[in-house]
Undergrad: 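Questions regarding the structure given below will be posed in turn.
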Protein chains: 2
Amino acid sequence: MRWIGKDRQINGHILSGTEIFGNLAEEALDHVTRVSHRRPLAAGSSLFRQGDPADAFCVLLEGGIKMVQISPEGQQVVLRYIGPGEMFGAVALFCRTDYPATAVAVTDGLAAIWSRDTAEMLLRRYPEIGANALQVVGGRLQELQSRYRELSTENVERRVARTLLRLAARPGRPVADDTRIDFPISRQDIAEMTGTTLHTVSRVISRWEGLGLVASGRMALVLRRPQALSRIADDL
Amino acid sequence: MRWIGKDRQINGHILSGTEIFGNLAEEALDHVTRVSHRRPLAAGSSLFRQGDPADAFCVLLEGGIKMVQISPEGQQVVLRYIGPGEMFGAVALFCRTDYPATAVAVTDGLAAIWSRDTAEMLLRRYPEIGANALQVVGGRLQELQSRYRELSTENVERRVARTLLRLAARPGRPVADDTRIDFPISRQDIAEMTGTTLHTVSRVISRWEGLGLVASGRMALVLRRPQALSRIADDL
DNA sequence: CGGAAAATTGAATTTATTCAAATCCTGTGG
DNA sequence: CCACAGGATTTGAATAAATTCAATTTTCCG
């Protein structure tokens, strides 16, 4: 909730500053806002679930969300964390499939949502939205390709280091010393993001804590020396 | 080259039947075709390389291509195989970044390409192209998310089984007994697709060969009992 | 204060990698 | 036509990384 920028208010539009609507003209933004709905999110609740028919397009306004995919055998993977300004649930909508993952709120928050029909109407009316969507989805594809390569080729320690750095860098802020990851996150969550077990994550983080690289508590993490983590991640 | 459908010729348009232009009107297809260039591909050559500035959008007409990403340490990962009708090099173009991977021809083939400017012109002129692109990119994101989960949670044997089935199913054909993977592929390639080593792949495939599930040769594979592989992949 | 979820940690085990040789193809040049 | 060079594949043995199993401890909330 530290995440929400005041600039959004100053600008007069909650939706300016979002990746998908950010560059729209004033009047378009008005229109988009007018046909949106608000949906408060309670920490731990899910906005939609894997397998549900995709009927809404969403932008997170406040709080944090994790996208979780569960395998037929019941094993979970955290695909991605979403912060304010980011869209989600979009691909399923455009591709007319079911949601491929579950959106779980990690803090209390607020989402803006549009029905499928409304979203399609907006897309027809303001073609820039389509171009933006293509860029966003393309960017996510590229990021996931890199993470796929990392998961394929790198050991756990590196992957955990990368994951922590990525989480800390979330809204594009440079990661300084003593940067805190500003939403609650467990060892299990980190394990599900890095493709390992909570035990291994715990061991790795304990070691780092001993070396002074991080400080950790229950559901909390501070990167004390992110630069050292970068060195682990990138092997300089 | 067995891959190219005669129907494409009958229809009169090489580009009908492609995922990105398939649903365009006759005249639009003509236009798109007119402003395209052809580029023959020699097996083993690369159409573009990771890190090159993205200046072309491509559709494969004949042959096969693999998209390879290489890590700073030199380890390779095969992100995806591409068959006739599929586009590639698109995201980098729309996002104005460098190519995030290298496109290597696995057989002789033929690609249609468009320059960035031409592609942008077409995109403005025929908005359906944008919608198609969004669907294609979205679909690839979803597929990669599933593969990411599999890589995270499943053991090597399963992942190899899945990979072989996916390769055999390529252009959407149902996989019958004795389906051959119709392009040259090494143990190393399979390892780079599944996130393991060629040694482990070799062991797994040798065992399957002993059980009569597959027949294999140098750079060649036949799935003799794909159903049994599915059982390994999905644990029925 | 009590209970439950989160985290830590040791020991045993497993899976897959790494290291190290052989062996098998296949296309090429003599 | 055949030998051969080099890539592809196979396979064994040793090793390493991470998981699994099994407690125990810590922390937070009510």
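Computed over heavy atoms, backbone and side chain alike; hydrogens, waters and symmetry mates excluded. What you see is a predicted model; the values in this text were computed from it and never measured. Within every chain, numbering begins at 1; the chains are lettered A, B, ... in the order of the sequence lines, protein sequences first and strands thereafter.
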Undergrad: Kindly compute the distance separating OG1 (B:T163) from CE (B:M193), expressed to the nearest 0.5 Å.
TA: 6.0 Å
Undergrad: Report the distance from atom CG of A:L198 to atom P of D:dC21, rounded to the nearest whole Å.
TA: 13 Å
Undergrad: Tell me every residue that passes side chain to side chain contact (heavy atoms under 4.5 Å, CB included) with B:S216, counting only those two or more places apart in sequence or in another chain.
TA: B:R187, B:I205, B:E209, B:L221
Undergrad: On the nucleotide D:dT9, are OP1 or OP2 found under 4.0 Å from the side-chain N or O atoms that B:R187 carries?
TA: yes
Undergrad: For B:V156 and for A:I185, locate the closest nucleotide of DNA chain C by heavy-atom distance; then report the residue assigned to the nucleotide nearer the 5' terminus.
TA: A:I185
Undergrad: Rounded to the Å, how far apart are A:N155 CG and D:dT19 P?
TA: 11 Å
Undergrad: Taking any atom under 4.0 angstrom from a heavy atom of chain A, which nucleotides of DNA chain C are the first and last to qualify, 5' to 3'?
TA: C:dA5 to C:dA11
Undergrad: Below the 4.0 Å mark, does D:dA17 have OP1 or OP2 next to a side-chain nitrogen or oxygen of A:T200?
TA: no
Undergrad: Rounded off to whole Å, could you give me the CD-to-C1' distance for the B:Q188 and D:dT9 pair?
TA: 12 Å
Undergrad: Quick one: are A:M67 and A:I82 in side-chain contact, heavy atoms under 4.5 Å?
TA: yes
Undergrad: Please name the pair of heavy atoms, one in A:A43 and one in A:D108, separated by the smallest distance, quoted to 0.1 Å.
TA: N-OD1, 2.7 Å
Undergrad: Supply the atom-to-atom distance B:I113 CD1 to B:L60 CG, rounded to the nearest 0.5 angstrom.
TA: 12.5 Å
Undergrad: For B:S202, answer base if it contacts any base atom (sugar-phosphate contacts may also be present), sugar-phosphate if it contacts only those atoms, and nothing otherwise; contact means non-hydrogen atoms under 4.0 Å.
TA: base
Undergrad: Taking the six-membered ring of A:F57 (Phe, Tyr or Trp), confirm whether the NZ or CZ of A:R116 is under 6.0 Å from its centre and within 45° of its axis.
TA: no
Undergrad: Among A:R162, A:R149, A:R159, find the residue that satisfies the side-chain hydrogen bond (donor to acceptor under 3.5 Å, both in side chains) test when tested with A:E154.
TA: A:R162
Undergrad: Produce the list of close N/O pairs, under 3.5 Å, pairing protein atoms with atoms of nucleotides 27-30 of chain D; give distances to one decimal.
TA:
residue : atom : partner : partner atom : Å
D:dT27  : O2   : A:R218  : NH1          : 2.9

Undergrad: Looking at D:dT19, I'd like to know if its phosphate oxygens (OP1 or OP2) sit under 4.0 Å from a side-chain N or O belonging to A:T197.
TA: yes
Undergrad: OG of A:S36 to CH2 of A:W114: how many Å apart, nearest 0.5 Å?
TA: 5.0 Å
Undergrad: Figure out the CD/C1' separation between B:E209 and D:dT11, and round it to whole Å.
TA: 14 Å
Undergrad: Specify whether B:Y99 and B:F48 have parallel, tilted or perpendicular ring planes, treating 30° as the upper limit for parallel and 60° as the lower limit for perpendicular.
TA: parallel
Undergrad: Got a sec, which residues hit ring-ring contact (aromatic ring centres under 6.0 Å, His included) with B:Y81, two or more places apart in sequence or on another chain?
TA: B:F183
Undergrad: Distances for protein N/O vs nucleotides 12-16 of chain D N/O pairs under 3.5 angstrom?
TA:
residue : atom : partner : partner atom : Å
D:dG12  : N7   : B:R203  : NH1          : 3.1
D:dG12  : O6   : B:R203  : NH2          : 3.3

Undergrad: Between the two end axes of the helix from C:dC1-D:dG30 to C:dG30-D:dC1, each built from 5 base pairs, what angle do you get to the nearest 10°?
TA: 30°
Undergrad: Could you state the atom-to-atom distance from CZ of A:R158 to P of D:dA18 in whole Å?
TA: 12 Å
Undergrad: Determine whether a donor-acceptor pair (N or O, by modelled atom type, separation under 3.5 Å) exists between the side chain of B:S202 and the backbone of B:L198.
TA: no
Undergrad: Does any N or O in the side chain of A:Q69 come within less than 3.5 Å of the main-chain N or O of A:P100, such that one atom is a donor and the other an acceptor?
TA: yes
Undergrad: Quick check on D:dT9: is either OP1 or OP2 less than 4.0 Å from any side-chain nitrogen or oxygen of B:S216?
TA: no
Undergrad: Tell me if a side-chain donor or acceptor on A:Q76 pairs with a main-chain N or O of A:E192 at a distance below 3.5 Å.
TA: no
Undergrad: Going from CD on B:Q135 to OG1 on A:T97, what distance comes out if it is rounded to the nearest 0.5 angstrom?
TA: 9.5 Å
